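Since the structure comes first, as structure tokens, the remarks are kept for the end.
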Amino acid sequence: MFNNHIGINLTETKLQLVEISFKDDSFYLENVDQTIHTENLTTAFSEDKLISILQSSFNKIAKRKPLNSSSVSFALPNNYFKIFEVPYDDSLVKKDLHEHFRWEISILFPECDKDNFFIQHIEIDKSAIRSEKRAIIFAVAKNLVTSINKFCRKNTLDLKYIDNAHLASNAFLYLDKQQANNEITLSIYVDQKFSSISAMDGIFPFYFKVLDPSAQNIFDELTAAVNKLNDFNLSLNDFNRVLLYGQDLTDEFENKMKNFFGQSLKIVNPFERLRTEESIIKNPLYRIKFNSFTAATGIAIRIV
């Protein structure tokens, strides 16, 4: 049974919120909103300061429209994670495997405390494209998760999931699981700074790369990432579709992306399968900025 669920996409500059309910045998979009933080949010802040900024942003949205859900999940941007790909030994149990990944963190990021991370990993050999025993690691700082959890308890919210914003956006593939199982898909998540590209065989990612935020031109970074696909004997023509998610995409940028990727590019509208009320339909965020809410919606539908 689906319980009403709030999805929050947290970025350095803003909080984006989507609330989904199930009624009359349909999924409804109850709320879509966003607000700018009082101060840019960084993981270097103390717990009290993180919670204070979160609370201020959350209060602004809840004041405009009270929320009816007690369950909430968060999507976080790429730069809130340590993301890397390494070999792994599939004979290890999960606990020992994650200890191995912590050791990798100590080597790759010697300035970090390897024990201060929660780890999610994706085994790329689950796809039919790559057979190597390698894993893509997403490691998020424990103190950030603790702060989010304390914020939730303070607001009588039940924290369900925390995930990467790009992975959360890929949730829409699960809604088309039967079709997706027979396809390979490329997805691009355009964020304010740390954009990323991911390749999936069905619903299984086999490649993930965060684009260099210091690059002068995102298309140079995309070209390098697409060229990497040659290592897997793939070209752009081998992908059944290219999905674009992102923050505040302009028509000019979308047109450039279409020219780059061709006709297979699809701008994802996360709301197209959700019923809603007239007041939501009139909301400019629903009508114009829908693509900015793929992560918040994706994490909200994760338990569907």
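Computed from heavy atoms alone, side chains included, the values below leave out hydrogens, waters and symmetry copies. Bear in mind the structure is a predicted one, so any value in this text is a computation, not a measurement.
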Any sub-3.5 Å donor-acceptor pair from [X]'s side-chain atoms to [Y]'s backbone N or O?
X	Y	value
T223	F219	yes
H5	I20	no
N149	V145	no
R153	L159	no
D191	K193	no
D238	S235	yes
N291	V268	yes
D201	A128	yes

What is the ring orientation for [X] with [Y], classed by angle as parallel under 30°, tilted 30 to 60°, or perpendicular over 60°?
X	Y	result
F232	F206	perpendicular
F151	F58	perpendicular
H98	F101	tilted

Flag for [Y]-[X]: side-chain donor and acceptor within less than 3.5 Å:
X	Y	answer
Q192	T13	yes
Q247	K14	yes
S57	H37	yes
H166	S198	no
Q120	N164	no

Going hydrophobic residue to hydrophobic residue with side-chain gaps under 4.5 angstrom, can you get from [X] over to [Y]?
X	Y	result
V18	F22	yes
I281	V32	yes
I53	I36	no
L285	Y28	no

Please assess K82 against E104 for the test salt bridge (Lys or Arg N to Asp or Glu O under 4.0 Å), listing each intermediate value before the final yes or no. CA-CA 11 Å; K82 301 296 184 189; E104 294 280 6; over 6 Å; no
Heavy atoms only: give me the nearest [X]-[Y] pair and the separation to one decimal.
X	Y	result
N68	N4	O-ND2, 4.3 Å
S73	Y161	OG-N, 3.1 Å
S147	I51	O-CG1, 3.5 Å
A295	S169	N-OG, 3.3 Å
L234	N230	O-OD1, 3.2 Å
A225	L211	CB-CD2, 4.4 Å

To the nearest 0.5 Å, what is the distance between [atom1] on [X] and [atom2] on [Y]?
X	Y	atom1	atom2	value
T11	N78	OG1	CG	12.0 Å
L76	I148	CG	CD1	4.5 Å
L229	L236	CG	CG	7.0 Å
D96	D89	CG	CG	9.5 Å
I124	R134	CD1	CZ	6.5 Å
M200	I122	CE	CD1	9.5 Å

Residue [X] excluded, over 12 heavy atoms near [atom1] under 6.0 Å:
X	atom1	value
K23	NZ	yes
K256	NZ	no
Q216	CD	no

Does any non-hydrogen side-chain atom of [Y] lie less than 4.5 Å from one of [X]?
X	Y	answer
I299	F74	no
Y207	I197	yes
L17	L67	yes

Using the side chain to side chain contact (heavy atoms under 4.5 Å, CB included) rule, take L243 and I188 through it: C-alpha gap first, then chi angles, then the decisive distance, then the call. CA-CA 6 Å; L243 305 179; I188 298 95; over 6 Å; no
Check this for me, if you would: do [X] and [Y] make a salt bridge, where the nitrogen-to-carboxylate-oxygen distance has to be below 4.0 angstrom?
X	Y	value
E277	K65	no
D158	K160	yes
K258	E254	no

Under the side chain to side chain donor-acceptor pair (under 3.5 Å) criterion, do E19 and N31 qualify, and how do the steps go?
-> CA-CA 5 Å; E19 184 176 16; N31 197 1; 4.8 Å; no
Paired with E85, the salt bridge (Lys or Arg N to Asp or Glu O under 4.0 Å) test is passed by just one of R130, K209, K133, namely R130
Checklist line | N170 vs Y189, side chain to side chain donor-acceptor pair (under 3.5 Å): CA-CA, chis, key distance, verdict | finding: CA-CA 9 Å; N170 282 339; Y189 187 86; over 6 Å; no
(message) Just checking F138 against F208, ring centres under 6.0 Å apart?
(response) yes
Start with the C-alpha gap between L222 and F261, add the side-chain angles, then the distance that decides, and say whether side chain to side chain contact (heavy atoms under 4.5 Å, CB included) holds.
CA-CA 10 Å; L222 286 172; F261 286 106; 4.2 Å; yes
Q | Check against side chain to side chain contact (heavy atoms under 4.5 Å, CB included), R273 and T297 | A | CA-CA 11 Å; R273 297 184 181 211; T297 310; over 6 Å; no
(request) Take Y88 and H121 through the test side chain to side chain contact (heavy atoms under 4.5 Å, CB included) and record every step on the way to the result. (result) CA-CA 10 Å; Y88 80 99; H121 77 281; 5.7 Å; no
